Structure formats: structure tokens, C-alpha cells
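Structure record follows, encoded as C-alpha cells.
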Amino acid sequence: MTKQADTKEKINLKDLTKEELQEFTDELELPSYRSDQLFQWLYQKGVGSFDEMTNLSKDLRARLKEIATVPTIEHVTQQESQDGTIKFLFKLQGEEEHKVESVLIPDFYDDGAANRLTVCVSSQVGCVFGCSFCATGKMGFFRSLTHGEIVDQVQYIDQLCQEKFGKGITNIVYMGMGEPLHNYRAVVNSASIITDEKSIGLSPKRITVSTVGLTKQIKKLADERRPFNLAISLHAANDEKRDEIMPINSSMNLEQLKEAVQYYYAKLHRPITYEYLLFDEFNDSPEDAQQLAEIVQWVPSKVNIIMYNDVAGVALKRAREKRLDAFMQELVSRDITATVRRSRGDDIDAGCGQLAIKEGQKGKSIRKN
């Protein structure tokens, strides 16, 4: 049930799921269609006030203003790269100190028209897991976003895409600031809203949720039969190297990850994508490729090799082209499906957290200094 409407604290309608929004309108003894109207205003049209909900009567809008709010995140600034990548910085309403980032990554046809419009969204303010190569990890963790704050990022950028490219976003990746499965409920609720036909209506097949390897939550995705795609942020193919750059591996190692991935596949029969940042002379040798190939064969999977956006203060650097070529040749020789994702936005603060970290935010982390 929703919070009681007669309390002094106003209800944030963007904290409610679609089902809870229906309960809210039922409690107010409103016709059932009012719930759908509110849902569409919030998540299809992205309004930030009841006054904008013009198909509601003035009396109803006044009544809603007395008991509820519809806050939206606030656009602070953005940077645009020469390659078309746009980095957005948003402020959470009522929290001057808390800011999050989103990135629009457009791909274009030869004639310059927009093809894929991919949005990388944040799920938390900072991140507790402290991966050594990640700018967000250097910030530490402050709090998780609500599902409404996650959808706000998508809604804002979708509207921009409509205006700038004449079409809406085509893909979403939960790979921005934060660990999505550490904020499990808000992430799956936001994905459900984004895919609803009365909202943005994006196909679940076009949504990918990434994780550093939270095994319990991976199994939960399988048990709940969540329809979107799963990506594992691997970045090293043995425990020794993964321990060095990803503190989570000390408590959830590759053997545990293997068990979770195989459980997920057995339930859903859906392939996994492994994200693998290639670091120069750290994880980019032919031997590393051989070990990666063994992991990819746990279940039907593919590998996305990512060329790293160098981060100030991080010793790890982007692998050189010659080492990338040798690495890819080793994977191909073992019949591994692998693609290379080139760095985007090198001329702006495109790495996750690089723009927000300039704001001086510093929170808690599992990484030992």
C-alpha cells in the first residue's frame, strides 16, 4: 500500500510503482483511468508539476498539490564531444551536493542521420565497490537513486533526442555511476517503467544492466525472470588480477561468479555479455585472452572489449593497438564472439564520474586505501 495520504508529509508520486500509483488513486476514490493519466504525465511526458497535467480538472490538480509532489532531477550542465557523445550532469532535487551523470552515445549512418541512440544511465550517487580504474569508484558512495530519478535521466535525454535527431533513444545501458544490482529494486522498477507502453515504451531487449558480479542479485534476476540483458563487468580473467583492481572479487570470486552465471542461464537460456576493459600490459596478453576464452565458455556468451578512457590519477592506461590486435586474434582463434568498443568522448569528461568528481564529492567505499 502507499503511504497514508492524510499524513503531513507529501507523497512523492515518483517513489511509487505503477501498481502503487493505482493504489494511491484508489485511496482518493478517483476513477481507475486517473492512475494511467498520472503515469503518462510522469513518465511519457516528463512533467514536473501538477499544473502541466492539463487533462485533470483544476480542482483535482489543486487537491493533488496539497498531498503530493512530482519532483524531477535538474539539468546542471553538459559537455559535447567532437564525435557526438554528450555527457550530462544532473542535480537531485533538494540536494545541492548530490549530482549524477548520464551519457548519450549516438551512432550515425553514412549520410549523418542518427542510427542507434544509446543512453548510459546512473543508478547511484557514487559507488561503494571502489574499482581502481573507475572515476566513480574514487568518489565513494553516497546514496542510491529512486526509480523515478533513474527514469528522469532517460526521459530528459529522450526528449533531447527527439528535438535534436527527430527520434527517441534506441538503447539503454545501466553502466553509469553506481552498481546497478546494489540498487536492485529501483533498477528493475525503472526498467519496468521505461518499457511500459504508457511510458517510453522501449523494448526490454534494448536494455542492458551491468554488474561487477553481485551473485545473489544475478540469481534474483533469473528467479524473477527479468526480460532485459545482463552484462558482467569482468575486466580480468583470473582471481589474482581481478583482486588487484576490483575489491568485490575478494568476497565474490570467479568460481562464485561462474555458479551464478550458470544458474542464470539455466533459468532463462539467455546469453551473457562480458565487458572487458583492456589495460596496457596488465590484462591484455595472449595468456589473458586464453583465460578469458575459458570464462566465456561457461555459458553461451560474447565479449565486449572496451578501449579504456584514461582517468587522471589512475595508473592503468588504455592498451596499445598492437596488443589489442594480438588479444583479439587469440580470441578469434578460439571461436569466441568478441567486438571492440572504441572510446567515445575522449575530448570531454566521458569516463563515469569524471564530471561529478570535479564537484568534490567523497563518500564511503569497500576499497582499502
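Keep in mind it's a predicted model, so treat the numbers as computed, not measured.
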Hey, are Asp51 and Ser49 close enough side-chain-wise for a donor-acceptor pair under 3.5 Å? no
To the nearest 0.5 Å, what is the distance between CG (Leu277) and CD1 (Ile306)? 5.0 Å
Check: Asn253 main-chain N/O paired with Gln256 side-chain donor or acceptor under 3.5 Å: yes
Would you say NZ of Lys167 has more than 12 non-hydrogen atoms from neighbouring residues, nucleotides or ligands within 6.0 angstrom? yes
Do Asp223 and Lys267 sit within salt-bridge range, that is, some charged N less than 4.0 Å from a carboxylate O? yes
What is the minimum heavy-atom distance between Gln217 and Tyr184, and which atoms define it? O-CE1, 3.8 Å
Donor-acceptor pair, His235 side chain versus Asn283 backbone, under 3.5 Å? no
Ion pair check, Glu95 and Arg143, cut-off under 4.0 Å: yes
If we ignore angles and hydrogens, is there a donor and acceptor under 3.5 Å between the side chains of Thr211 and Glu179? yes
Would you say Thr85 and Asp83 are linked by a side-chain donor-acceptor pair, where the criterion is simply a distance under 3.5 Å? yes
Membership question, hydrophobic clusters at under 4.5 Å side-chain separation (ILVMFWY): are Val296 and Val332 in the same one? no
If I compare all heavy atoms of Val154 with all of Ile172, which pair ends up nearest, and what's the gap? CG1-CD1, 3.7 Å
Taking side chain as C-beta onward, heavy atoms only, is Val151 less than 4.5 Å from Asn189? no
Enter the distance from Asp36:CG to Asp196:CG here, rounded to the nearest 0.5 Å. 8.0 Å
Report yes or no: does Asn183 contribute a side-chain atom to a donor-acceptor pair with the main-chain N or O of Ser144 at less than 3.5 Å? no
Does the side chain of Asp288 reach to within under 4.5 Å of the side chain of Phe282, using non-hydrogen atoms? no
Taking all non-hydrogen atoms of both residues into account, name the closest pair between Asp152 and Ile73 and its distance. OD2-N, 3.0 Å
Tell me, with the steps shown, if Glu80 and Lys164 meet salt bridge (charged side-chain N to carboxylate O under 4.0 Å, His left out). CA-CA 13 Å; Glu80 185 163 357; Lys164 187 177 180 70; 3.7 Å; yes
Under 3.5 Å, is there a donor-acceptor pair between the Tyr156 and Glu74 side chains? no
Can you see whether Phe39 has Lys198 sitting over its ring - NZ or CZ less than 6.0 Å from the centre and within 45° of the normal? no
Are the side chain of Ser122 and the backbone N or O of Glu101 linked by a donor-acceptor pair below 3.5 Å? yes
Would you say Arg318's side chain and Met307's backbone share a donor-acceptor pair under 3.5 angstrom? no
Any non-hydrogen side-chain atom of Ile150 less than 4.5 Å from a side-chain atom of Val187? yes
Between Tyr276 and Phe327 (judged by ring centroids, cut-off 6.0 Å), do the two rings come close enough to count as a pair? yes
Can you establish whether the number of heavy atoms outside Gln159 located under 6.0 Å from its atom CD is more than 12? yes
Note: Tyr43 and Ser199 closest approach over all heavy atoms is O-OG, 3.1 Å
Decide yes or no on side-chain contact (heavy atoms from CB on, under 4.5 Å) for Glu244 and Ser132, but give the supporting numbers first. CA-CA 8 Å; Glu244 189 174 338; Ser132 65; over 6 Å; no
Is the CG atom of Asp111 crowded by more than 12 outside heavy atoms at less than 6.0 Å? yes
Would you check if the side chain of Ser81 reaches a backbone N or O of Gly84 as a donor-acceptor pair within less than 3.5 Å? no
Considering residues, nucleotides and ligands other than Lys302, do more than 12 of their heavy atoms fall under 6.0 Å from its NZ? no
How many angstroms lie between CZ in Phe279 and CZ in Arg323, if you round to the nearest 0.5 Å? 13.5 Å
With a 3.5 Å distance limit and no angle check, can you tell me whether Asp158 reaches the backbone of Ile169 through a side-chain donor-acceptor pair? yes
Side chain to side chain, Leu92 and Val125, heavy atoms closer than 4.5 Å: yes
Quick check: does any side chain N or O of Asn229 sit under 3.5 Å from a backbone N or O of Lys205, one acting as donor and the other as acceptor? yes
Here the gap from Leu254 atom CG to Asp239 atom CG, rounded to the nearest 0.5 Å, amounts to 4.0 Å
Side chains of Gln93 and Asn12: closer than 4.5 Å at any heavy-atom pair? no
Decide whether Gln329 and Asp325 meet the rule of one side-chain donor and one side-chain acceptor closer than 3.5 Å. no
Test side-chain contact (heavy atoms from CB on, under 4.5 Å) on Met246 and Phe129 and set out the steps. CA-CA 8 Å; Met246 301 179 73; Phe129 292 98; over 6 Å; no
For Gln37 and Leu56 the tightest heavy-atom approach is OE1-CD2, 3.4 Å
Criterion side-chain hydrogen bond (donor to acceptor under 3.5 Å, both in side chains) on Asp107 and Asn115, from CA distance to verdict: CA-CA 5 Å; Asp107 288 320; Asn115 179 12; over 6 Å; no
In the structure I gave you, are the side-chain heavy atoms of Lys14 and Leu42 within less than 4.5 Å of one another anywhere? yes
Any donor-acceptor pair under 3.5 Å linking the side-chain atoms of His182 with those of Gln124? yes
Working for side-chain contact (heavy atoms from CB on, under 4.5 Å), residues Val103 and Met175: CA-CA 10 Å; Val103 182; Met175 296 181 187; over 6 Å; no
Just so I know, are the side chains of Phe88 and His75 near enough to count as touching, which here means a heavy-atom distance under 4.5 Å? yes
To the nearest 0.5 Å, how far apart are CZ in Phe142 and CE in Met177? 8.5 Å
Between Val209 and Pro180, what is the shortest heavy-atom contact and its length? CG1-CB, 3.8 Å
List the steps and the verdict of salt bridge (charged side-chain N to carboxylate O under 4.0 Å, His left out) for Lys219 and Glu259. CA-CA 9 Å; Lys219 293 178 180 179; Glu259 194 266 334; 2.7 Å; yes
In Å, rounded to the nearest 0.5 Å, how long is the span from CZ of Arg225 to CG of Leu268? 5.0 Å
Under 6.0 Å between the ring centres of Tyr174 and Phe228? no
Group every Ile, Leu, Val, Met, Phe, Trp and Tyr by side-chain heavy-atom contacts under 4.5 Å, then state whether Ile295 and Tyr263 land in the same group. no
Salt-bridge test for Glu281 and Arg320: reply yes if a basic N is under 4.0 Å from a carboxylate O, no otherwise. yes
In sequence, state the C-alpha distance, the side-chain angles, and the governing distance for Arg185 and Glu224, and then conclude on salt bridge (charged side-chain N to carboxylate O under 4.0 Å, His left out). CA-CA 12 Å; Arg185 190 52 53 193; Glu224 295 182 355; 3.1 Å; yes
Is there a side-chain contact between Ile305 and Met328 in this structure, where contact means two heavy atoms from C-beta onward sitting under 4.5 Å apart? yes
Determine, stepwise, if the pair Ile245 / Leu316 fulfils side-chain contact (heavy atoms from CB on, under 4.5 Å). CA-CA 10 Å; Ile245 62 173; Leu316 294 165; 3.8 Å; yes
